[in-house]
Protein chains: 4
Amino acid sequence: MRLRVGCAFEYDTAWATPAVMLVQPHPDNPSPVVQESWTAEPLLDSHEYRDSFDNRCRRFTLPSGTTTLRYDALVDISDEPDEVEPTATQFAVEDLPDDVLVYTLASRYCLSDALSATAWHLFGESPLGWARVQAVCDWLNQHIRYGLYSTPLTTAVDVYVAQGGMCRDFAHLAVTFCRALNIPARYVFGYMPDVSLPPPYPPMDFHAWFEVYLCGPQGGRWYTFDARFNRPLIGRIPIGHGRDAVDVAMMTTYGAAQFRQMTVWCDVVGDEHPPTLITSAPADCADTTAGQVIDRPAQ
Amino acid sequence: MRLRVGCAFEYDTAWATPAVMLVQPHPDNPSPVVQESWTAEPLLDSHEYRDSFDNRCRRFTLPSGTTTLRYDALVDISDEPDEVEPTATQFAVEDLPDDVLVYTLASRYCLSDALSATAWHLFGESPLGWARVQAVCDWLNQHIRYGLYSTPLTTAVDVYVAQGGMCRDFAHLAVTFCRALNIPARYVFGYMPDVSLPPPYPPMDFHAWFEVYLCGPQGGRWYTFDARFNRPLIGRIPIGHGRDAVDVAMMTTYGAAQFRQMTVWCDVVGDEHPPTLITSAPADCADTTAGQVIDRPAQ
Amino acid sequence: MRLRVGCAFEYDTAWATPAVMLVQPHPDNPSPVVQESWTAEPLLDSHEYRDSFDNRCRRFTLPSGTTTLRYDALVDISDEPDEVEPTATQFAVEDLPDDVLVYTLASRYCLSDALSATAWHLFGESPLGWARVQAVCDWLNQHIRYGLYSTPLTTAVDVYVAQGGMCRDFAHLAVTFCRALNIPARYVFGYMPDVSLPPPYPPMDFHAWFEVYLCGPQGGRWYTFDARFNRPLIGRIPIGHGRDAVDVAMMTTYGAAQFRQMTVWCDVVGDEHPPTLITSAPADCADTTAGQVIDRPAQ
Amino acid sequence: MRLRVGCAFEYDTAWATPAVMLVQPHPDNPSPVVQESWTAEPLLDSHEYRDSFDNRCRRFTLPSGTTTLRYDALVDISDEPDEVEPTATQFAVEDLPDDVLVYTLASRYCLSDALSATAWHLFGESPLGWARVQAVCDWLNQHIRYGLYSTPLTTAVDVYVAQGGMCRDFAHLAVTFCRALNIPARYVFGYMPDVSLPPPYPPMDFHAWFEVYLCGPQGGRWYTFDARFNRPLIGRIPIGHGRDAVDVAMMTTYGAAQFRQMTVWCDVVGDEHPPTLITSAPADCADTTAGQVIDRPAQ
């Protein structure tokens, strides 16, 4: 199935403002990117680099005035839903690969140290491996209200206490519990068309979910989980992953750039509908992205 | 000047407990390690790996019972104090190397997003570059009381609010302010004999400080700063660096290992004095390390 | 000068919801209430009681459906601005009246224990008494940005860290610093027409400020301070005071009442202009009140 | 049964320090105080006042140097355990007495606003009244580890997240949940000999528990609950109650008084054993008291 995915952001700045944008699918994304373009209006120089998670970051400087940044791609996605592998087992910690250990540690939003006792209390009796991660997702799905407003400072502890949040917050709390349980977990951010529903597909948006490292039939690998929807979906296109949302901000601006509006699209080719328009009060999961915009006074 | 440095840790565990230990000098350490040994009693298998910061992590499994882990090395240190380069300038953000950008982001303990307004209010008027980092150190030295008890959950915001902490907390808050000001900063942990004092040298300990990325006469590099002591010292031997203390825990145990006692030494060869013995109520800077021990129920 | 002050609130509820409303001027208010009415549509039973701060609380049960609550009064205010008494001295703690001591303690939003070191660091050198309280107000006025969104959970520590807030937050942080400095301080909420400006007066709103207990020419009494505006104003009509905003919520509903809209008026008689209409996204200082609405699931 | 109860505190101060001490049984205590004495060495003037909760506060100024404060009383306690009244019902909010409403609001340590969703999620299905309060106590008893170190800044949210605390923390979290559920609840602090055990009684200490306002056979009254021990005990002698521990600090010093040591006794007359000696690292429940000492720099 061929999807057209992309987004356009509009910013106003009073002076030249360096920025990094992360909207291009991750190179490990199994869905081939058939064609893509990244453009800016007015024209500006940019270069792509890979961060330590191999995310494809685009770096440039916003000129003063209004700038529109636009990414557009054709992606051939599988029509298979997220893999479900209930027999995947949990690695004993001593058997985890060295480079995976970092995903058992606490991070900015995933305070697995603070919620350690809670995690063991809630999930310490559930079967190890896939079932334990599923128990985490089930718990979140039942206990955390979707839609509670959160801020760029909201941590997994805040989400746990308030019992509510956006998709980003669901992912953070799920990652936190998994790490506390010694299951390596990382945060993922991407396009999520959900073509598991019949067409015409609803307007879509960016979304956040998470992955855990388990031992499947072919050995260790990362498996997709989604505590927000808590069912296999079709069509995820991961853009970035990292320890948590800090590492995959859709846009990081070093200075006082005004975020004006964002448009996102993700359509089956031949079935386009008007793209989702999101302005400064982002609806639904858009907080995943707008919330991560980091405005710093320019120097 | 040749130093003998090292440490011995004693742990009790009820069952086999995987662990990672970080006590060996960092490979980028300019002071040559002449000789070193890492031993355990009882004997156990271990292997060394480099994490993403190139820290030399040693990984093994503590058997049930009492285990003593011991690292001992001879290191030839320079007798030059920390470099002072007041002419080092600050990179415009757009000129920073790609791989340095991550050190402008918030992390578990360094909540540069939360303290952004404060950082700009306090330091936004100070001259850019070396002087601005020095202004951060001066402020901490004047405002933060050394010795206030902190916990493994204490963030830079907590330190700022309580106006007190240990060396680890000084480093976290300084890093936080620098990042908020768009100056890349990382946390460093190591041996700190302070041989700038006349012998006999006082008993020493582990210590935490920080580094910032500035543009010196030969271009961009990391410079050492120490908000706790706030003066150039002789003899730092960095063990690890990272985004914050999460990345350089001296010891990470995955299970309920009991930390019994720690001994640290760092002496000029020919001038040995009894090593510092630190037990479960660590004095001075030892919290840098004991505080980072992460105990997780074993699985 | 005769003012017409009042407000109207509109609520929707799915079932009968007990509530307490606090909008009537405090009995200690020096400005005589010439005439007042409290009405509800549809009609409902209510009674007035005095809480432990002598605030005039009105208690009733919202029926299911839409209810409009309306308070309207004529008040003769003095045309004198807030009293300025720079010679007022600070009581030694041992000389404070017994019943004033409680205003030196921490409360829900005023974490004077957490900010004790900060308060002494910032203000410990300023002259005692009136000048010290003024120093607190000056500091807030210079350091805290007015207008930063806060929530019903925002404490004085949060305001201090974020360096921003609404009028309620200014009052909380000022009270916090004063208490940490052993100066009794309480939170005040009321109508604030600011008739110190020439007519026609701007639309007004509820406002929050604070009072401290100092020793003036006639002995101990409460003096008005306002860290938000930081200059003497004419026309304050206090509604309630307490330890902090918890004690003077304009409306407390025990159940899921939907706050639809609020209208506030405060006009010089003969100079009425259209009342301020505030809906679910309250502007300016209205957060003082809407923010304090406490929704609890009905039982 | 006649008990001898009391305590002695030793303080060092560098200069005269005002203080308030709360160690005398509350006047509503049903156990008659047969005889009591409050003494200080060196001698000093003091007076007793009743705060707004009718707690018997003793106010004085510590001279510079070392002072020992001593309270000793004979109290005739009932040998009946805490009343258990499972038929006590919960008041509809609209039927609560006006002056009880304040105990449904959040306070410094009891953040019932922050934990509202959690409280309803955990307890919203349990039967109303006595059974619901008992469900709260049962949950705490099963989920919160007794003995986790807490600080004078630890709130009910912190206790909930860490799943551990001291008796003071158990009381705070239980009060918090009850208030979120619209059940008026207050914090109580007192002597707790626990003579329900056979003699010789163990050394005892101060203790903290809580009370809720329910409708019993004779109408509305406060009932005792204890989430820490979670069973009826014999011999509680309440000293003070309030919104939370802020209101019943055993000792509040306005200045840098050094707390040297504390001795507590509570013995059946004729069965005295050596009093409990508690120094600056208070064991068990003593944090209830020492933790509440508020040290403020003297003015």
- Query: Has A:Asp95 got more than 12 heavy atoms of other residues, nucleotides or ligands less than 6.0 Å from its CG?
  - Reply: yes
- Hey, is CD on A:Glu41 packed in by over 12 heavy atoms from elsewhere, all under 6.0 Å?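 No, CD of A:Glu41 has 12 or fewer neighbouring heavy atoms, counting only those of other groups under 6.0 Å.
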For the atom pair [atom1] ([X]) and [atom2] ([Y]), what is the distance rounded to the nearest 0.5 Å?
| X | Y | atom1 | atom2 | answer |
| --- | --- | --- | --- | --- |
| B:Arg50 | A:Asp99 | CZ | CG | 15.0 Å |
| B:Leu105 | A:Thr252 | CG | OG1 | 6.0 Å |
| B:Glu48 | A:Asp98 | CD | CG | 10.5 Å |

- Check whether any side-chain heavy atom of A:Leu101 sits under 4.5 Å from a side-chain heavy atom of B:Tyr49, and report yes or no.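 Answer yes - side chains close enough.
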- Message: Is any side-chain heavy atom of B:Leu96 closer than 4.5 Å to one of A:Arg59?
- Response: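 Yes; the side chains approach each other to less than 4.5 Å.
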- Message: So that I can tick it off, tell me whether B:Asp244 and A:Arg108 are bridged by a salt bridge, with the cut-off set at under 4.0 angstrom between side-chain N and carboxylate O.
- Response: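 No, this pair does not count.
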- Would you mind checking if A:Arg243 and B:Asp247 are paired as a salt bridge, meaning a charged N to carboxylate O distance below 4.0 Å?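 Result for this pair is yes, salt bridge flagged.
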- Name the option with the most non-hydrogen atom pairs under 4.5 Å to chain A; the candidates are B:Val102, B:Val20, B:Val93.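 Result: the option with the highest number of such pairs is B:Val93.
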- Item | Contact class of A:Phe53 relative to chain B, heavy atoms under 4.5 angstrom | side chain
- Side chain, backbone, both or neither: which part of A:Ser52 has a heavy atom under 4.5 Å from chain B? neither
